[in-house]
Amino acid sequence: RLALSSCPVSTPYAPIGFGKMGDEGMATLVKVGLSGITELDLDNAGLTEEGVAQLQEMLSQGQCSLRKLVLRTNLCGDAGAAALAGGLGGDASPASALLTLELSKNGIGEAGAVAIAAALQTNVTLQELGLARNPIGDSGTAALADAVGSNTDSALQTLDLSQCSFGDGGATALADALETNGGRDWGTNITALYLGRNDITDEGADVLADALEDSIHLEQLYLGGCRIKDRGAKLLVDCLKVNASVVNLNIGDNPIKEPMLRVIASALVEKNQALAKLKDKAAALEARVAELEELSEAQVDAIREGLEP
C-alpha cells in the first residue's frame with residue numbers, strides 16, 4: 001500500500017518510485033499531485049488502463065514539470081496507451097513536454113501503437129520512446145514509422161521496438177520512413193534504434209541496409225535475436241562501408257556463421273578507427289579556426305599582404 005508521507009522526495013530533480021500501488025494508489029497520487037517532480041518511475045506498479053487514465057488526467061491539468069515517465073511492466077493496454085497519447089500531440093498539454101516515455105511490456109497492441117503514432121505526428125519534444133515487448137505487429141510498427149518519418153520536427157533520438165512481434169513488413173516500413181524523410185533518419189535525429197527479438201529475416205536486413213546508406217545520425221542499430229543469416233549480414237556490412245554514422249551494429253544471436261561474424265567485427269573496428277582519425281582532424285581544424293579568430297585586424301592584413309603575388 002502506498003504511503004505518500006514516506007515517499008523519498010528531497011528535490012524536484014530526483015526520481016521517485018513506488019511499489020505495487022495499483023489503480024487505487026494512483027487515485028491517491030492524483031489527489032496529492034506531482035508539482036516539482038521531473039521523473040516518475042512506476043515500473044511494475046500494478047496499473048491498468050484505469051490508473052493510467054487517471055495519471056493522464058492529472059498531467060493534462062497543468063502545474064506539471066514531469067520530463068521522464070516510466071510505466072514499464074504494467075497493464076495499460078491499448079486504452080491506456082491511447083489515453084497517454086492524447087497528451088503527447090502538439091504542445092497544448094504539459095504531457096507533451098515529456099522527454100522520455102517508457103511503456104515496455106504493457107500489453108499494447110496495434111490499436112495502442114496507432115494511437116501513439118498519431119501523437120508522434122506533431123510531438124516535438126519526446127526524445128526517448130520505449131515500446132519493447134508489446135505485440136504491436138507489422139501494422140503498429142508501420143504506423144509508428146510513418147508518423148515519426150513524416151514529422152521533420154521530431155526530437156526522437158531513441159526508439160525501442162525490441163520483441164514487438166513484427167517481421168520484414170515492419171522493417172520495410174521503418175526503411176521507407178528513412179528514405180521518404182529526405183534521406184535522413186526517422187525524425188532526422190534518431191541515434192539508437194532497437195529492433196532485436198523480432199522476426200526480421202534477410203529480406204528485412206536488405207531494405208534496412210539500403211535505407212541506412214544515406215543515414216547521417218544513426219549510431220547504434222540493434223538487430224540481435226532476429227532471423228538474419230549470412231546474406232543479410234553481408235548486406236549490413238556492405239552498408240557500413242558507405243554509411244558515415246553507424247558505429248555499433250549488434251546482430252548477435254542470429255543464425256550467422258562464425259566467418260561472417262568476424263567480417264562484421266573487423267568492419268566495425270575499421271570504421272571506428274577511421275572516425276577517430278576524422279575527429280582528431282576536426283579538433284585540430286577547430287583549434288586553428290579559434291586561433292585565427294583571435295588575430296587582430298592588423299595581423300589579418302599582414303597575412304593577406306604576404307599572400308599577394
Close side-chain approach of Asn106 and Val52, heavy atoms under 4.5 Å: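 No, too far: nothing below the 4.5 Å cut-off.
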Working to the nearest 0.5 Å, report the span between [atom1] of [X] and [atom2] of [Y].
X: Leu120; Y: Ser150; atom1: CG; atom2: OG; answer: 9.5 Å
X: Ile256; Y: Ile264; atom1: CD1; atom2: CD1; answer: 5.0 Å
X: Leu193; Y: Thr158; atom1: CG; atom2: OG1; answer: 9.5 Å

Shared hydrophobic cluster, [X] / [Y] (ILVMFWY, side-chain heavy atoms < 4.5 Å):
X: Val246; Y: Val207; answer: no
X: Ile190; Y: Leu101; answer: yes
X: Val70; Y: Leu84; answer: no
X: Tyr194; Y: Ile136; answer: no
X: Met26; Y: Leu75; answer: no

Non-hydrogen atoms of [X] and [Y] that approach each other most closely:
X: Leu99; Y: Thr125; result: CD2-O, 3.6 Å
X: Ser154; Y: Val148; result: OG-CG1, 4.0 Å
X: Leu59; Y: Leu69; result: CD1-CD2, 4.4 Å
X: Ile228; Y: Pro255; result: O-CD, 3.3 Å
X: Ala85; Y: Ala119; result: O-CB, 3.3 Å
X: Leu212; Y: Leu218; result: CD2-CD2, 3.4 Å

If you measure from the Lys or Arg side-chain nitrogens to the Asp or Glu carboxylate oxygens, is any gap between [X] and [Y] under 4.0 Å?
X: Asp230; Y: Lys234; answer: no
X: Asp202; Y: Lys229; answer: no
X: Asp41; Y: Lys68; answer: no
X: Lys241; Y: Glu213; answer: no

Any side-chain donor near an acceptor of the partner, Thr48 and Glu50, under 3.5 Å: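 Short answer, no.
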